[in-house]
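Start at 1 and go down the list; that is how both ligands and their atoms are numbered. The basis for the numbers below is simple: all heavy atoms, side chains too, and nothing from hydrogens, waters or symmetry mates.
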Amino acid sequence: MTKQPNIYIETYGCQMNVYDSELVKSICAGRGYGLADTVDEADVVLLNTCAIRERAHLKIYGRLQRLKRAKVEKGLTIGILGCMAQNLKEDLLDGHDQVDFVAGPDSYRELPDLIDAARGIGRGPDAALKLSRTETYSGVDPIRSGGVNAWLAVMRGCDNMCTFCVVPYTRGRERSRDPQGVVDEVKALVGEGYKQVTLLGQNVNSYRHGETRFADLMRMVGDVDGVERVRFTSPHPKDFPVELIDAIAEHPNLCKHIHLPLQAGNDRVLDLMRRTYTNAAFRELAATIRERIPGGGLTTDIIVGFPTETAAEYEETRTLMEDLRFDSAFIFKYSERKGTVAQRRLDDDVPEEEKTRRIVELVALQKQITGEINEALVGTTQRVLVEEASDRRPGDFLCRTDSFKTTVVPGDGLVAGDIADVEIVDSYGATLFGRPLSAAPRASSG
Ligand code: SAM
Ligand code: SF4
């Protein structure tokens, strides 16, 4: 009988990919394959890829180049998974000898057959790329890597079709998991010792299963006994009814942090992006969140240099950021993606130097705002979840406030998974420094 292969999986991109890799491990282990900790121990290397910006592609092409030698010397089998596989099948299979097969995000149940075929056991295709309207991988038990946080996808796909975004093409239409299945999984996670659950979806707050909407699901998950913290990512501002804001405000376990991707501040650009809200509507939503969740964290995503965005229109993004004072922001240069509406209909006409000017300016602005907001927290008491030991500061722990701020705390008597009250004694850039006041009694740890 042929020896079962050892699989090594490398993950790129968003949290959804981290979760998908956990599903893939489970599917491979279910077939009796081994799970390797390093490439050296592996017979099969899987790269779970991202396609959101050009830089994500370049990383994978670079990695494939570096794997060439191992492939020749060890006879390694190499598979490409995820969004880039879905989007660039021909280029990957025809243009790169190292690649034996590709599998898109809805095809992971077929992976063992692809792997076997690539290794010459049985016959099968070298690509599985069908997008599904129903696949949620229910019944697959992710093999998680431990720690205090568990990722949990509650919906997959996206129906929004923002014109810059490749996600609807790589991950298909929206579909949501049965809420009872989600609640049962959260109960099991608590039993395994996880303290925090992060609900995931490409457009997580458009979750809908029968009559259950995202706000209902959040309350149901928050009600699970023993779950200390519930987070979610990534949402769209269009699906933020006041019921969701109130659920977060009222429920002690639902973290007081909302990531609200703005993308741009000018109405013409927002319309071209097909974001379905205006500058004024976004301001109003942010004001409601701030009013109902005082002290909560508000963070965002910004794209600079969307096709045809003028310098004056960009200024509206900057003004909005100055006015709303986000706690932090991910800021990106527009990156044209093959197949999107923007790529087909608009010229990527903002010069690279101008995109650079805008991003440098916004990064500096946000850095200043983040620094000022955090400085004002010195002297306050914050409740943190102790996440892990700090690599850079031996003896210290990395913790998070409810509002999602990284807080470094001396480790005396603490262990990962503790909830502790700390006094903020200092702040440096995006990081807070705290002194423990108390640690809540230790529950069972996993
Ligand atoms: N679903 C979320 C939403 O509606 O805002 C966004 C999820 S997307 C995976 C994460 C972020 O990547 C987006 O908010 C956007 O800022 C950025 N992004 C997506 N496509 C991009 C592109 N073509 N160029 C630059 N940034 C992009
Ligand atoms: Fe992409 Fe988010 Fe828009 Fe969906 S809602 S198309 S994931 S940016």
Does the distance from a Lys or Arg side-chain N to an Asp or Glu carboxylate O, for [X] and [Y], drop under 4.0 Å?
| X | Y | result |
| --- | --- | --- |
| K333 | D348 | no |
| R171 | D20 | yes |
| R175 | E135 | no |
| R318 | E315 | yes |
| R177 | E185 | yes |

Would you check if there is a donor-acceptor pair between the side chains of [Y] and [X] at a distance under 3.5 Å?
| X | Y | value |
| --- | --- | --- |
| Q202 | R156 | no |
| T299 | H259 | yes |
| Y314 | E361 | yes |

Ring-face cation of R53 near F332 (centre distance under 6.0 Å, axis angle within 45°):
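That pair qualifies as a cation-pi contact.
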
Lys NZ or Arg CZ of R275 over Y277 ring: under 6.0 Å, within 45°
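Verdict for Y277: no cation-pi partner in R275.
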
Sub-4.0 Å heavy-atom contact, P235 with ligand 1:
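Yes; P235 lies near enough to ligand 1 that a heavy-atom distance drops under 4.0 Å.
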
Could you pull out, from I303, D239, V167, the option with a heavy atom nearest to atom 7 (S) of ligand 2?
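Among I303, D239, V167, the closest heavy atom to atom 7 (S) of ligand 2 comes from V167.
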
To which of I52, D301, V167 does the heavy atom nearest atom 19 (C) of ligand 1 belong?
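It is I52 that holds the nearest heavy atom.
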
Ligand 1 atoms in contact with [X] (distance to a heavy atom under 4.0 Å):
| X | result |
| --- | --- |
| R53 | 12 (O), 17 (C), 18 (N), 24 (N), 25 (C), 26 (N), 27 (C) |
| P261 | 3 (C), 5 (O) |
| R337 | 23 (N) |
| Q263 | 5 (O), 13 (C), 14 (O), 15 (C), 16 (O) |

Given that the side chain starts at C-beta and the backbone is N, CA, C, O, which of these parts of [X] lies under 4.0 Å from ligand 1, counting heavy atoms, or is it both or neither?
| X | value |
| --- | --- |
| K333 | backbone |
| R275 | side chain |
| F164 | both |

Among all protein heavy atoms, pick out the one at the shortest distance from [atom]; state its residue, atom name and that distance to 0.1 Å.
| atom | result |
| --- | --- |
| atom 4 (Fe) of ligand 2 | C158 SG, 2.2 Å |
| atom 6 (C) of ligand 1 | S234 OG, 3.8 Å |
| atom 3 (Fe) of ligand 2 | C162 SG, 2.3 Å |
| atom 1 (N) of ligand 1 | Q202 O, 2.8 Å |
| atom 5 (S) of ligand 2 | N160 ND2, 3.2 Å |
| atom 2 (Fe) of ligand 2 | Q202 O, 4.1 Å |
| atom 1 (Fe) of ligand 2 | C165 SG, 2.3 Å |
| atom 23 (N) of ligand 1 | S335 O, 2.8 Å |

Whether over 12 other heavy atoms sit under 6.0 Å from R55 CZ
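Atom CZ in R55 is not packed in, count stays at 12 or less.
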
With side-chain contact (heavy atoms from CB on, under 4.5 Å) as the test, pick out the partner of Q86 among D106, T170, I80, T49.
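Filter result, single survivor: T170.
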
Applying the side-chain contact (heavy atoms from CB on, under 4.5 Å) test to Q98, which of R66, R63, K71 qualifies?
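Among the candidates, only K71 passes.
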
R275 near ligand 2 by a heavy-atom separation under 4.0 Å:
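Per 4.0 Å heavy-atom rule, R275 contacts ligand 2.
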
Quick one: look at P261 and ligand 2, take heavy-atom pairs under 4.0 Å, and tell me if it's side chain, backbone, both or neither.
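Neither; nothing of P261 gets under 4.0 Å from ligand 2.
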
Ligand-residue contact atoms, ligand 2 with [X], heavy atoms, under 4.0 Å:
| X | result |
| --- | --- |
| H236 | 5 (S) |
| F164 | 8 (S) |
| P168 | 6 (S) |

From CA spacing to verdict: side-chain hydrogen bond (donor to acceptor under 3.5 Å, both in side chains), E174, S206:
CA-CA 8 Å; E174 282 179 15; S206 73; 3.0 Å; yes

